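Worksheet: one structure, shown below.
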Amino acid sequence: MTIEWDAGRLDSDLEGAGFDTLAVRAGQRRTPEGEHGEALFMTSSYVFRSAADAAARFAGEQPGNVYSRYTNPTVRTFEERIAALEGAEQAVAAASGMGAILAMVMSLCSAGDHVLVSRSVFGSTISLFDKYFKRFGIEVDYPPLADLEAWAAACKPNTRLFVVESPSNPLAELVDIAALADIAHARGALLAVDNCFCTPALQKPLALGADIVIHSATKYIDGQGRCLGGVVAGSAKLMQEVVGFLRTAGPTLSPFNAWLFLKGLETLRVRMQAHCASAQALAEWLEQQPQVVRVHYAGLSSHPQHELARRQQSGFGAVVSFEVRGDKAAAWRVIDNTRMISITTNLGDTKTTIAHPATTSHGRLTPEARAAAGISDSLIRVAVGLEDIEDIKADLARGLSAL
Ligand SMILES: *Cc1c(COP(=O)(O)O)cnc(C)c1O
């Protein structure tokens, strides 16, 4: 059977479309089969019509796919959808969130450059800078996330890049992204924001003045705890550099994972809304519990940066941390006496997860460094999933009642 092909009406016109429409449709280009769902291109290489065709594509004289480390149509659909949602000219997918951070630094920084990374970033991000980038002559300093004066004071003539996570894990600290972008730009540096906890459904760092957005797509973009991936987004000029590194070095995204992320993005905003609503209800409930000393959630008016969170985000996210009365043993007792919530350090899943930061994600820090980061032994982190909120509360009540 030969299929007549005219893409005409088969692809959607998305001129002026809103967030949810872009989340469902952006980046899809239908094949001659007229499939309604996004096609999954599981192929490592692509065929050419002739030797001359192959030569022209390799020389870059003719557009087209060559090899899936360079381009893959399913991965490209994911990249275009993320770019549309973040308001970026271009997005580049990576094999994991760490792969995205690696690609960003390897492509935009050189030996002799100085990078500022907020103190409270993801543990592996700190290790990547401290153990590896330093070996290649990149200087790194770690200002406290929210202290704008400390960022300005830490700048040097060779400062090239600022890297932050806002809100931070697990204490939901924020930085004023627009103000930090001004500080970076006045020094000739770029600002990169890890938007993992909010996703573009709740926060648009580029619109606030950041130059680059990074994601661990493993979390809310997938949303169902199935696979790893990452993405970097920003101007076409900067992303050209990132593309060059990824294609050459190889930590590119699997088309299968890109396909799962496309399905995740289609429900991103409604999921985030539900996650946020449950997290808010849980945080307010936790504040009422006699065994709980303090709750860290930007949606609470008791949070010191509640007003900034309202201004900068359209929701407060789904990570709620709290300190219980007692020490490490008390925190462990609460965790061990839950019966539904999953004991795992991942987040961004439909399933609610619970973890003890001091002995897991932050376990390698010295006790002094942990104290400086505000991670006490009695701190528990919950990433609120999509189960019935009453069941989540009942399970935590069971844990708390063991104290
Ligand atoms: C998980 C995470 C990462 C790393 O992503 P992987 O997909 O696990 O490589 C980076 N930043 C933040 C904020 C994360 O939560």
Side-chain angles (χ1 to χ4, degrees), residues 75 78 82 86 91-106 115 117-133 142 145 161-175 177 192-203 205 210 212-233 242 246 249-254 256-258 260-261 264-265 272 275 279 296 298 313 317-321 344-349 353-355 357 360-364 373 375 381-385:
V75 174
F78 170 66
I82 287 285
E86 286 287 3
V92 189
S96 65
M98 293 317 302
I101 297 170
L102 172 74
M104 170 178 74
V105 176
M106 289 298 283
V115 180
V117 180
S118 60
R119 200 179 275 169
S120 48
V121 291
F122 190 65
S124 299
T125 306
I126 300 258
S127 302
L128 181 61
F129 277 95
D130 243 44
K131 280 179 68 181
Y132 299 100
F133 290 140
Y142 302 96
L145 177 66
L161 180 67
F162 287 17
V163 181
V164 299
E165 259 173 46
S166 182
S168 73
N169 175 34
L171 296 176
E173 243 194 308
L174 278 72
V175 68
I177 293 174
V193 177
D194 186 330
N195 201 23
C196 178
F197 278 51
C198 273
T199 82
L202 304 183
Q203 173 170 271
I212 300 160
V213 177
I214 44 189
H215 277 287
S216 167
T218 313
K219 314 293 167 52
Y220 294 100
I221 290 176
D222 174 17
Q224 289 151 76
R226 298 167 294 192
C227 61
L228 272 77
V231 65
V232 190
V242 179
L246 272 167
T252 45
L253 182 64
S254 145
F256 182 74
N257 292 7
L260 285 173
F261 294 149
L265 285 175
M272 291 313 288
H275 278 294
H296 303 267
Q313 301 171 197
V319 176
V320 178
S321 297
T344 174
T345 55
N346 198 26
L347 59 103
D349 199 314
T353 65
I354 192 164
T360 57
S361 55
H362 295 70
R364 289 199 182 177
I375 311 293
R381 187 196 74 182
V382 173
V384 183

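Computed from a prediction, not measured in an experiment: that's the story for all the values here. Start at 1 and go down the list; that is how both ligands and their atoms are numbered.
Contact residues of ligand 1 (protein heavy atom closer than 4.0 angstrom to a ligand atom; sorted by chain and number): S96, G97, M98, F122, E165, D194, C196, F197, S216, T218, K219, G229.
Taking the ring pair (Phe, Tyr, Trp, His ring centres under 6.0 Å) definition, one finds that F197 meets it with nothing, sequence neighbours left out. Scanning for ring pair (Phe, Tyr, Trp, His ring centres under 6.0 Å) contacts around F122 gives an empty result, with sequence neighbours left out. Y142 is linked by a ring pair (Phe, Tyr, Trp, His ring centres under 6.0 Å) to nothing, counting only residues two or more places apart in sequence or in another chain.
Taking the six-membered ring for Trp and thresholds of 30 and 60 degrees, F78 and F261 have ring planes inclined between 30 and 60 degrees apart.
A side-chain donor-acceptor contact under 3.5 Å links T218 to the backbone of G229.
In plain terms, the two heavy atoms of I375 and P357 that are nearest each other are CG2-CB, 3.9 Å.
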